[in-house]
Protein chains: 2
Amino acid sequence: MSGERQSRANKEDHPVETAPSMEDRHVASVAVAVDVVPFGLRDGALHAALVRVGHADEAGLFAFPGGRVQPVESLDVAARRCLERHLSPTGSFLEQLYAFGEPGRDPSSRVVSVAYLALVPQTEEAPGVHWFPSSDLPPLAYDHGAVADKALDRLRGKLAYTNIAFGLLADGFTLAEFQKVYETILGRALDRRNFRKKVLALELVRPMGRVRHGPHRPAELFQFAQRALTTVETPLTKKG
Amino acid sequence: MSGERQSRANKEDHPVETAPSMEDRHVASVAVAVDVVPFGLRDGALHAALVRVGHADEAGLFAFPGGRVQPVESLDVAARRCLERHLSPTGSFLEQLYAFGEPGRDPSSRVVSVAYLALVPQTEEAPGVHWFPSSDLPPLAYDHGAVADKALDRLRGKLAYTNIAFGLLADGFTLAEFQKVYETILGRALDRRNFRKKVLALELVRPMGRVRHGPHRPAELFQFAQRALTTVETPLTKKG
DNA sequence: ACAAAAGTGTTCAAAGTACACCCATGA
DNA sequence: TCATGGGTGTACTTTGAACACTTTTGT
């Protein structure tokens with residue numbers, strides 16, 4: 001917060017400002033953008049959505065969807081706009097991740113980017129959007145490699161202590177599918193019985209009273225009890 | 001990331017840009033600032049450092065130290081500069097907290113501010129800096145009330161699963177002082193015996209082989225085993 | 001019938017929680 | 001000597017971890 005006024009106030013109290021203020025100059029010294037890291041499941045594996053960078057230094061590379069923050073919109077709104085420009089599903093989970101602001105991160109101009117983590121349930125195809133396995137991303141433009149790392153860390157961290165998985169699964173999933181989400185993202189196997197016990201004891205998911213018929217014994221279908229981010233006290237993922 | 005180039009690239013692929021780009025205009029549409037929330041202990045209670053806002057709409061109110069990000073400095077560097085302008089101690093713990101960017105948060109101009117959490121061990125006096133109990137802050141300028149809330153949440157959260165307390169205590173503290181940090185910030189009492197057992201078992205702190213003499217039995221002095229942020233697997237704070 | 005995935009319970013180990021007494025010192 | 005805070009150990013409860021067999025269906 002503060003910004004212009006804060007800056008002025010500080011100078012009055014403490015004249016040792018390190019550099020002259022940019023307030024009255026007619027060029028933008030630092031621009032603000034958002035970048036959105038959209039995760040989704042494809043074939044049971046975690047994928048991230050990327051778009052191609054069209055030209056200049058980074059031409060041909062992939063990057064996460066993003067763009068400038070407009071003068072009248074909040075960061076959250078800008079992030080959702082950038083997400084929905086490429087991927088239709090509204091109501092996707094979206095939360096702020098981290099602000100990246102190294103001076104050299106965009107070689108052509110000084111841009112501070114606020115990164116967002118997005119989860120999209122059904123990874124439908126969309127023009128210009130390329131889905132890559134999160135464990136095997138192509139070379140990325142700017143510092144989007146670091147952005148991807150941060151997003152994955154955040155997702156892993158929240159998986160253990162929240163119901164964030166609701167962002168990846170539409171209601172009507174089997175417990176095996178649910179467990180596979182955890183195993184995929186955490187990169188380790190979990191015990192079927194303990195997993196079931198825990199997610200039911202925590203009332204994270206609820207049986208819907210329907211079953212899905214496959215080649216073998218039908219599986220009960222579940223839905224999330226809450227579709228808003230909820231923190232649980234006991235971790236979902238030690239081994240079970 | 002991305003910013004200018006990203007924005008252009010997107011427009012090429014998807015002409016449905018919501019608003020005309022600001023790239024070539026000669027005014028900054030959105031400015032970037034940092035604000036630092038410095039926490040420290042005074043009389044065993046958690047306090048936050050504030051400075052007065054000098055003029056204009058927010059005149060007379062308090063705010064966290066902050067200022068514009070300069071064209072050549074990273075966000076982290078800008079935050080440390082703003083912190084050290086007011087509080088001398090170098091080496092304080094400093095980590096990015098959250099980016100605040102509601103259009104109306106600064107009534108005089110559009111400023112996106114990246115907030116930082118700082119922990120300063122010895123809350124020495126400094127000119128123009130006012131320390132307030134974190135539970136009883138004065139009216140704050142801008143949206144610094146929300147910033148303070150976020151900072152406290154972060155501190156509480158990390159207290160349970162990291163050694164972040166090293167930022168508040170200089171080496172050579174007693175276990176009673178260490179425990180009081182936890183009790184103060186969490187707002188609940190802990191069991192002395194269990195607390196000692198846990199922090200020693202986790203090798204969070206180490207006895208220094210020295211004691212402090214007070215009015216009664218001398219207390220053993222401890223130091224942190226690591227003075228870098230370390231995550232522990234088992235929570236430090238359920239009751240013990 | 002059988003292959004394949006779904007569903008279920010018990011035992012053991014580890015961690016968390018509660019709790020009360022003695023110790024060492026300065027005054 | 002005594003008041004005050006410092007230091008320690010044990011029993012109990014809860015949670016986590018490991019583990020194998022039966023069930024249901026489609027083919």
Side-chain angles (χ1 to χ4, degrees), chain A residues 43-44 159-162 169 171-184 186-223 231-240, chain B residues 43-45 159-163 169 171-184 186-223 231-240:
Chain A
D43 322 314
L159 204 64
Y161 284 96
T162 74
L169 282 174
D171 283 344
F173 48 87
T174 68
L175 276 192
E177 292 167 339
F178 188 39
Q179 181 177 337
K180 187 144 195 293
V181 173
Y182 279 77
E183 293 180 331
T184 298
L186 297 174
R188 114 180 86 105
L190 302 175
D191 182 272
R192 213 162 73 247
R193 293 159 288 200
N194 293 340
F195 185 80
R196 170 183 286 256
K197 259 183 294 186
K198 195 173 287 182
V199 298
L200 290 178
L202 290 172
E203 293 182 312
L204 206 71
V205 298
R206 267 200 309 253
M208 297 175 73
R210 291 177 35 82
V211 294
R212 175 184 305 166
H213 289 267
H216 302 295
R217 174 173 177 174
E220 200 171 13
L221 294 179
F222 291 82
Q223 61 184 315
T231 300
V232 297
E233 49 307 317
T234 162
L236 289 157
T237 53
K238 293 204 170 167
K239 289 286 181 55
Chain B
D43 322 315
L159 205 62
Y161 285 96
T162 74
N163 63 343
L169 282 174
D171 284 344
F173 48 88
T174 68
L175 276 191
E177 291 167 340
F178 188 39
Q179 181 176 339
K180 188 144 194 293
V181 172
Y182 279 77
E183 292 180 331
T184 299
L186 298 173
R188 113 180 86 104
L190 302 175
D191 182 272
R192 211 162 73 250
R193 295 159 288 202
N194 295 339
F195 184 79
R196 169 182 287 256
K197 259 183 295 185
K198 196 172 288 182
V199 298
L200 290 178
L202 290 172
E203 293 182 314
L204 206 72
V205 298
R206 267 200 307 254
M208 298 176 71
R210 291 177 32 82
V211 294
R212 176 185 303 167
H213 289 267
H216 303 294
R217 174 174 178 173
E220 199 171 13
L221 294 181
F222 291 81
Q223 61 184 315
T231 301
V232 297
E233 50 306 317
T234 160
L236 289 157
T237 54
K238 293 203 169 168
K239 290 287 181 54

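Within every chain, numbering begins at 1; the chains are lettered A, B, ... in the order of the sequence lines, protein sequences first and strands thereafter.
When the side-chain hydrogen bond (donor to acceptor under 3.5 Å, both in side chains) test is applied to Glu183(A), the partners found at least two apart in sequence or on another chain are Gln179(A). Every residue two or more places apart in sequence or in another chain that forms a side chain to side chain contact (heavy atoms under 4.5 Å, CB included) with Glu177(B) is listed here: Phe173(B), Thr174(B), Arg212(B). The ring pair (Phe, Tyr, Trp, His ring centres under 6.0 Å) test applied to Phe222(B) returns no partner, not counting sequence neighbours. Under the rule for a salt bridge (charged side-chain N to carboxylate O under 4.0 Å, His left out), Arg217(B) has no partner lying at least two apart in sequence or in another chain. The side chain to side chain contact (heavy atoms under 4.5 Å, CB included) test applied to Arg210(A) returns Leu221(A), not counting sequence neighbours. Shown here are the salt bridge (charged side-chain N to carboxylate O under 4.0 Å, His left out) partners of Arg206(A), two or more places apart in sequence or in another chain: there are none. Residues meeting the side-chain hydrogen bond (donor to acceptor under 3.5 Å, both in side chains) test with Gln223(A), sequence neighbours left out: none.
The CD atom of Glu177(B) sits 13 Å away from the P atom of dG5(D) (whole-angstrom rounding). What separates CD of Glu220(A) from P of dT23(D) is a distance of 17 Å, to the nearest Å. The distance from atom CG of Asp191(B) to atom P of dG6(D) is 14 Å, rounded to the nearest whole Å. The separation between Lys198(A) atom NZ and dG7(C) atom P is 19 Å, rounded to whole Å. One interatomic measurement links the two molecules: CD of Glu233(B) to C1' of dG16(D), which rounds to 14 Å at whole-angstrom precision. Rounded to whole angstrom, the span from the CZ atom of Phe222(A) across to the P atom of dA6(C) amounts to 11 Å. The CG atom of Leu200(A) sits 11 Å away from the C1' atom of dG7(C) (whole-angstrom rounding). Atoms CZ (Arg188(B)) and C1' (dG16(C)) sit 13 Å apart, rounded to a whole Å.
At dT15(D), none of the side-chain N or O atoms of Thr234(A) fall inside 4.0 Å of OP1 or OP2 (strictly under the cut-off). Side-chain N/O atoms of Arg193(A) include none lying less than 4.0 angstrom from OP1 or OP2 on dG7(C).
Taken over five-pair windows at either terminus, the axes of the helix from dA1(C)-dT27(D) to dA27(C)-dT1(D) are inclined to one another by 0° (rounded to 10 degrees).
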Short N/O separations, protein against nucleotides 10-13 of chain D, under 3.5 angstrom:
{"from": "dT10(D)", "atom 1": "O4", "to": "Lys197(B)", "atom 2": "NZ", "distance (Å)": "2.9"}

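Considering only side-chain atoms of Ala219(B), the nucleotide from dG7(D), dG16(D), dT8(D) that sits closest is dG7(D). Distance from the side chain of Arg192(B) is smallest for dG6(D) among the nucleotides dG9(D), dG6(D), dA20(D).
Taking both residues in full, the closest heavy atoms of Thr162(B) and Val232(B) are given as N-CG2, 4.3 Å, listed atom of the first, atom of the second, then distance. Residues Leu200(A) and Val205(A) approach most closely at CD2-O, 4.0 Å, considering heavy atoms.
Using modelled atom types, one side-chain atom of Asp191(A) and one backbone atom of Arg193(A) make a donor-acceptor pair closer than 3.5 Å.
Distance NZ/Lys198(A) to OG1/Thr234(A): 5.0 Å, rounded to 0.5 Å. Atoms OH and CG, from Tyr182(B) and Leu190(B) in turn, are 9.5 Å apart once rounded to the nearest 0.5 Å.
Residues from residues 208-218 of chain B that place a heavy atom under 4.0 Å from any atom of DNA chain D, listed by number: His216(B), Arg217(B), Pro218(B).
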